Trainee: 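Sharing a structure here in C-alpha cells format.
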There are 2 protein chains.
Amino acid sequence: MVPDDPADLLCGDPITEHTLAEPDAVELAGVFAALADPVRLRLLSIIASNDETCSCNLEAPLAKSQSTISHHTAKLAAAGLIVGERRGRWTWWRVVPEQLAALQSSLRVVQDHQA
Amino acid sequence: MVPDDPADLLCGDPITEHTLAEPDAVELAGVFAALADPVRLRLLSIIASNDETCSCNLEAPLAKSQSTISHHTAKLAAAGLIVGERRGRWTWWRVVPEQLAALQSSLRVVQDHQA
DNA sequence: TCAACACATCGATAGATGTCAATATGGAAG
DNA sequence: CTTCCATATTGACATCTATCGATGTGTTGA
C-alpha cells in the first residue's frame with residue numbers, strides 16, 4: 001500500500017485493484033462493438049419499435065442487400081441483443097431487454113465509481 | 001397507412017417512422033465504437049475509479065506502449081467520454097458523467113420502445 | 001417431386017483500426 | 001537558451017469489418 005517509488009507520490013493513487021478485468025473487458029467490448037455501427041443501431045431501433053419484427057421489413061428501410069442485413073442481424077444476435085425465431089418462411093426478431101439492462105448497469109458502474 | 005402491397009399484410013407493420021435517423025445513428029455508433037475496445041474500457045474504468053487520473057498511471061497497468069495509450073485516450077476524448085487537463089508536466093483525465101448518462105438514456109429508448 | 005422463396009454462407013474487396021517504434025511538440029527546470 | 005520529460009503525431013503493418021454478388025440450405029406450396 002505504501003509506494004516504494006517516489007514518483008508515485010507525484011501522480012496520486014496508482015492502485016489498480018478496481019480496474020475492469022481483461023476477460024470482462026473483452027466481453028463487454030464485444031457487445032459495444034455490436035452497437036458500433038449505424039446500420040445495426042437502426043436495425044435495432046426498428047426491431048424494438050414493434051413487439052416482433054419480420055426480416056422482410058428490415059431490408060427496404062435500410063437500403064442494404066439481403067446478405068448485409070443477414071450479417072448484421074447475426075452480429076446483434078451473437079451479442080445477445082436480439083433473438084430470432086424461424087416461423088414459417090420468415091424469421092421474427094425480438095430484442096432482449098435483459099441484455100440492454102445489463103449494458104446500462106455496466107455504464108452505471110463507471111458513472112457511480114467516481115465521487 | 002393502408003398497405004398497397006398484399007405482402008405487407010403477411011409480415012406485420014412495415015412502418016418505419018420511428019426508425020433512428022441515419023445521422024443520429026452515425027453519431028451514436030461513434031460513441032459506442034469508442035467503448036468497443038477492451039483497452040479503452042479498462043482505461044475508462046481506471047479513470048472513473050479516481051476523481052482525477054494522471055496519464056502516468058495508465059501505461060503500466062494496461063501493458064501498452066505510450067503511443068497506444070495516447071491513441072486510446074484521444075479516442076475516448078473525441079467521443080466526449082473523458083476530458084483531459086494539462087497541468088504541470090502531466091495530463092489529468094476525468095470522465096464526463098453527462099455523456100455516460102446520455103448513452104444510458106439512448107439504450108433506455110430502445111428498451112422502452114417495446115411493449 | 002419440384003419450383004419458388006427466405007435466409008445463411010462464401011469469396012472478394014475496400015476501408016477502418018490497434019499496435020508499435022520513431023519522431024515531433026511543447027512545457028519545466030536548470 | 002538548452003536540456004529533459006510527458007504527450008502527440010507519423011509511418012508502417014497486420015488484422016478486422018462492412019459490403020456485395022454468387023451460391024448453398026432448408027422450408028413452403030403446387
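All values derive from a computational prediction rather than experimental measurement. Below, read A as the first sequence line, B as the second, and so on, with proteins coming before strands; counting in each chain starts at 1.
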Trainee: Can you tell which of C/dA28, C/dC7, D/dA8 lies closest to the side chain of B/W93?
Mentor: D/dA8
Trainee: Closest approach to the side chain of A/D37, judged atom by atom: which nucleotide of C/dT19, D/dA18, C/dC7 is it?
Mentor: D/dA18
Trainee: How many angstroms lie between atom CG of B/L62 and atom CD1 of B/I46, to the nearest 0.5 angstrom?
Mentor: 4.5 Å
Trainee: Send over the distance from B/L43 CG to C/dG18 P, rounded to a whole Å.
Mentor: 12 Å
Trainee: Between B/R40 and C/dG18, does any side-chain N or O lie under 4.0 Å from OP1 or OP2?
Mentor: yes
Trainee: Which whole-number value in Å describes the distance from B/R86 CZ to C/dG27 C1'?
Mentor: 7 Å
Trainee: Using whole Å, what does the distance between atom P of nucleotide C/dT23 and atom NE2 of B/H71 come to?
Mentor: 21 Å
Trainee: Please report the distance, rounded to the nearest Å, between CD in B/E59 and P in D/dA6.
Mentor: 10 Å
Trainee: Of the options D/dT9, C/dG18, D/dT19, whose atoms approach the side-chain atoms of B/S67 most closely?
Mentor: D/dT9
Trainee: Given side chains that start at C-beta, do those of B/R94 and B/I47 come closer than 4.5 Å, heavy atoms only?
Mentor: no
Trainee: Could you state the CZ-P distance from A/R87 to C/dA6, rounded to the nearest angstrom?
Mentor: 16 Å
Trainee: Does B/S70 reach the main-chain N or O of B/Q66 with its side chain, forming a donor-acceptor pair under 3.5 Å?
Mentor: no
Trainee: Does the pair A/E59/A/K64 count as a salt bridge with the N-to-O cut at 4.0 Å?
Mentor: no
Trainee: Counting only distance, no hydrogens or angles, is the base of D/dA6 paired donor-acceptor with the side chain of B/Q66 under 3.5 Å?
Mentor: no
Trainee: Can you see if the side chain of B/S65 gets near the phosphate of C/dC20 - specifically, an N or O under 4.0 Å from OP1 or OP2?
Mentor: yes
Trainee: Taking the side chain of A/K75 as heavy atoms from C-beta outward, which of D/dT19, D/dA18, C/dC7 is closest to it?
Mentor: D/dA18
Trainee: Counting side-chain heavy atoms from C-beta on, which of C/dT19, D/dA6, C/dT9 comes nearest to B/W90?
Mentor: D/dA6
Trainee: Would you please confirm or rule out a distance under 4.0 Å between OP1 or OP2 of D/dT7 and any side-chain N or O of B/S70?
Mentor: no
